[in-house]
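Worksheet: one structure, shown below.
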Amino acid sequence: MEQFNLTGSHKDRESEAIIRYALAKGVRSLAIASTGNAAISLAAYCLMHQLECHVFISAGVSRDRLLQIKAFRPVIHTVEGDYKDAIETCNVEAEKNGFLNCNPGARFEKIVGDSEIGKEIASELRPNSVVCPSNNGTLIYGVWLGLKEAGLQPRMIAAVAPKTNFAEGIAGTLLLEGSKLQECIGLSGGASVTVEDGEIRNAARLLMKDGFIVEGAAAAGIAALSHLDIKHETVCCVITGSGLKFPNSLRNILA
Ligand SMILES: Cc1ncc(COP(=O)(O)O)c(C=O)c1O
């Protein structure tokens with residue numbers, strides 16, 4: 001239930017670990033390319049610790065997202081193009097200006113942060129399968145490492161939705177930690193499950209009835225369950241983010 005973290009997503013695990021590293025190394029300026037949870041989270045943590053945060057966003061970012069990023073007062077750099085272009089510009093600018101590059105694939109601390117989720121799961125459950133909504137693969141790999149560290153080896157299931165309109169957090173297929181994603185799925189005997197928007201909508205409504213308003217990406221994990229051959233098993237789905245952060249997206253999902 002990562003929606004209960006500081007800024008309402010699992011990205012706070014990653015930001016916490018990055019900030020610990022930055023403070024230990026005396027780093028003052030951090031940079032990330034993101035149009036959502038990762039930027040909101042890193043900007044909030046930087047504000048708390050009086051660090052400078054540079055956020056690279058693609059030009060078409062929604063108002064909901066931009067307002068939340070701006071709330072935590074980072075330096076915003078608008079990049080023409082899509083998320084991939086924002087990542088590339090961020091990588092170049094980070095290198096040039098000596099910012100700590102916090103993009104997926106650039107910082108192992110993000111994985112270390114997500115491994116805490118795996119350890120927490122292991123402290124309460126012995127799941128046969130663990131489902132993670134996945135895009136770059138940072139989250140699922142980190143959760144897997146944490147579970148392994150705690151002595152558990154469940155099947156790791158990546159819920160993906162490359163063509164979604166509802167689950168912005170996992171849309172597209174950039175796979176910046178793609179080899180790690182494949183590694184944990186392969187070695188754990190898991191699978192990658194593609195879910196459609198209709199299934200994401202149903203899952204979001206089901207979760208709401210159970211008392212949780214989640215964002216589309218988070219609902220994708222629950223949507224993946226109907227694709228799995230599960231009988232009398234313990235399955236843990238990582239709910240990655242709150243739906244209340246993005247009212248316009250929520251409105252579309254609940255239409
Ligand atoms: C809510 C949410 N769930 C899941 C993911 C997927 O995480 P990863 O890119 O580490 O696979 C993201 C990524 O931004 C996200 O915002």
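As a basis for the values below, the full set of heavy atoms in this structure was taken, side chains included, without hydrogen atoms, waters or symmetry mates. In listed order, ligands and their atoms are each counted from 1.
Cation-pi check for Arg201 over Phe166 is not met; the charged atom does not lie both under 6.0 angstrom from the ring centroid and within 45 degrees of its normal.
Using cut-offs of 30° and 60° on the angle between ring planes, the pair Tyr45 and His49 is parallel.
With 3.5 Å as the limit, one finds a donor-acceptor pair spanning the side chains of Asn37 and Glu215.
In this structure, Glu233 pairs ionically with Arg155, as a charged nitrogen and a carboxylate oxygen lie closer than 4.0 Å. Salt bridge Glu93/Lys96: present, at least one basic N to carboxylate O contact under 4.0 Å.
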Check ligand 1 for close polar pairs with the protein: N or O on both sides, less than 3.5 Å.
{"from": "ligand 1", "atom 1": "3 (N)", "to": "Thr240", "atom 2": "OG1", "distance (Å)": "2.7"}
{"from": "ligand 1", "atom 1": "9 (O)", "to": "Asn136", "atom 2": "N", "distance (Å)": "2.9"}
{"from": "ligand 1", "atom 1": "10 (O)", "to": "Thr138", "atom 2": "N", "distance (Å)": "3.2"}
{"from": "ligand 1", "atom 1": "10 (O)", "to": "Leu139", "atom 2": "N", "distance (Å)": "2.9"}
{"from": "ligand 1", "atom 1": "11 (O)", "to": "Asn135", "atom 2": "N", "distance (Å)": "2.7"}
{"from": "ligand 1", "atom 1": "11 (O)", "to": "Asn136", "atom 2": "N", "distance (Å)": "3.2"}
{"from": "ligand 1", "atom 1": "11 (O)", "to": "Gly137", "atom 2": "N", "distance (Å)": "2.9"}
{"from": "ligand 1", "atom 1": "14 (O)", "to": "Lys11", "atom 2": "NZ", "distance (Å)": "3.3"}
{"from": "ligand 1", "atom 1": "14 (O)", "to": "Gly169", "atom 2": "O", "distance (Å)": "3.3"}
{"from": "ligand 1", "atom 1": "16 (O)", "to": "Asn37", "atom 2": "ND2", "distance (Å)": "2.9"}

Could you pull out all donor-acceptor pairs under 3.5 Å where a side-chain atom in residues 218-226 meets a protein atom, sequence neighbours excluded?
{"from": "Ser226", "atom 1": "OG", "to": "Ala223", "atom 2": "O", "distance (Å)": "3.3"}

